[in-house]
> 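What follows is a single structure, and I will ask about it in a moment.
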Amino acid sequence: QEQLVESGGGLVQPGGSLRLSCAASGSRYRVYDMSWYRQAPGKQREWIAHITSGGGTNYGDSAKGRFTISRDNAKNTVYLQMNSLKPEDTAVYYCRGSEGSWGQGTQVTVSS
């Protein structure tokens, strides 16, 4: 399995932006689809976005029009650009590889 490490979370005001990164350490990263999920306190983990090994993307309803998933295979990294953030986006954000690996998560807090 890949080892995945998320970064880029933090505190941001409503309407602001953040870019999350997920760095993969394994040698087979490029063949895997990758996804972002999030989990807010007291709620189930929610799928946010998906990118195939070839760069095709799709999004959950909460991400459409505001979030963009991308990947840089040269850097073994997948990104989640989040714009127009809302307080309800507050959660721990996780990346997941299609082979089953999960990162440890990065906290995003949207608050004034």
> Within the side chain of Y59, is there an N or O that forms a donor-acceptor pair under 3.5 Å with the backbone of I69?
yes

> Grab the two heavy atoms, one from V92 and one from G105, that are nearest each other, plus how far apart they are.
CG1-CA, 3.8 Å

> How close do S84 and S17 get, counting heavy atoms only, and between which atoms?
N-OG, 4.4 Å

> Closest approach of S101 and L4, non-hydrogen atoms and distance?
OG-CD1, 3.4 Å

> Grab the two heavy atoms, one from V78 and one from S70, that are nearest each other, plus how far apart they are.
CG2-O, 3.0 Å

> Counting heavy atoms not belonging to E88, are there more than 12 under 6.0 Å from its CD?
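Counting neighbours around CD of E88, more than 12 heavy atoms of other residues, nucleotides or ligands fall under 6.0 Å, so yes.
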
> Going by heavy atoms in the side chains, are M82 and W36 under 4.5 Å from each other?
no

> Please name the pair of heavy atoms, one in Y94 and one in G103, separated by the smallest distance, quoted to 0.1 Å.
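Scanning both residues, the minimum pair turns out to be CD2-O, 3.6 Å.
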
> Is there a path from I51 to L80 through hydrophobic residues (I, L, V, M, F, W, Y) whose side chains come within less than 4.5 Å of each other?
yes

> Do other residues, nucleotides or ligands put more than 12 heavy atoms under 6.0 Å from Q3 CD?
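Count not over threshold, so no.
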
> Is a donor on one side and an acceptor on the other found under 3.5 Å between the side chain of T52 and the backbone of D33?
no

> Under 4.5 Å between side-chain heavy atoms, counting indirect links through other Ile/Leu/Val/Met/Phe/Trp/Tyr residues: same cluster for W102 and I48 or not?
no

> Quick one: CD on E46 to CG on D61, what's the gap to the nearest 0.5 Å?
9.0 Å

> Please tell me if the side chains of F67 and L85 come closer than 4.5 Å, counting only heavy atoms from C-beta onward.
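Yes, their side chains come closer than 4.5 Å.
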
> Going from CG on N58 to OG on S35, what distance comes out if it is rounded to the nearest 0.5 angstrom?
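That separation rounds to 8.0 Å.
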
> Kindly indicate whether the side chain of S7, heavy atoms from C-beta on, has any atom under 4.5 Å from the side chain of T106.
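No, side chains not in contact.
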
> Should L11 and Q107 count as side-chain neighbours, where that means a heavy-atom distance under 4.5 Å?
no

> Do R38 and D89 come close enough that some side-chain heavy atom pair is under 4.5 Å?
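SC-SC contact between R38 and D89 confirmed.
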
> Could you check whether any side-chain heavy atom of N76 comes within less than 4.5 Å of a side-chain heavy atom of S25, counting everything from C-beta outward?
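Result no, sub-4.5 Å side-chain heavy-atom pair not found.
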
> When you measure from the side chain of Q104 to the backbone N and O of E6, does any donor-acceptor pair fall under 3.5 Å?
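Checked: pair present.
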
> Would you name the heavy atoms of M34 and G97 that are closest together and state the gap between them?
SD-CA, 3.6 Å

> Answer yes or no for R71 and Y29: cation-pi contact, defined as NZ/CZ to six-membered ring centre under 6.0 Å and angle to ring axis within 45°.
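The answer is yes, since R71 meets both limits relative to Y29.
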
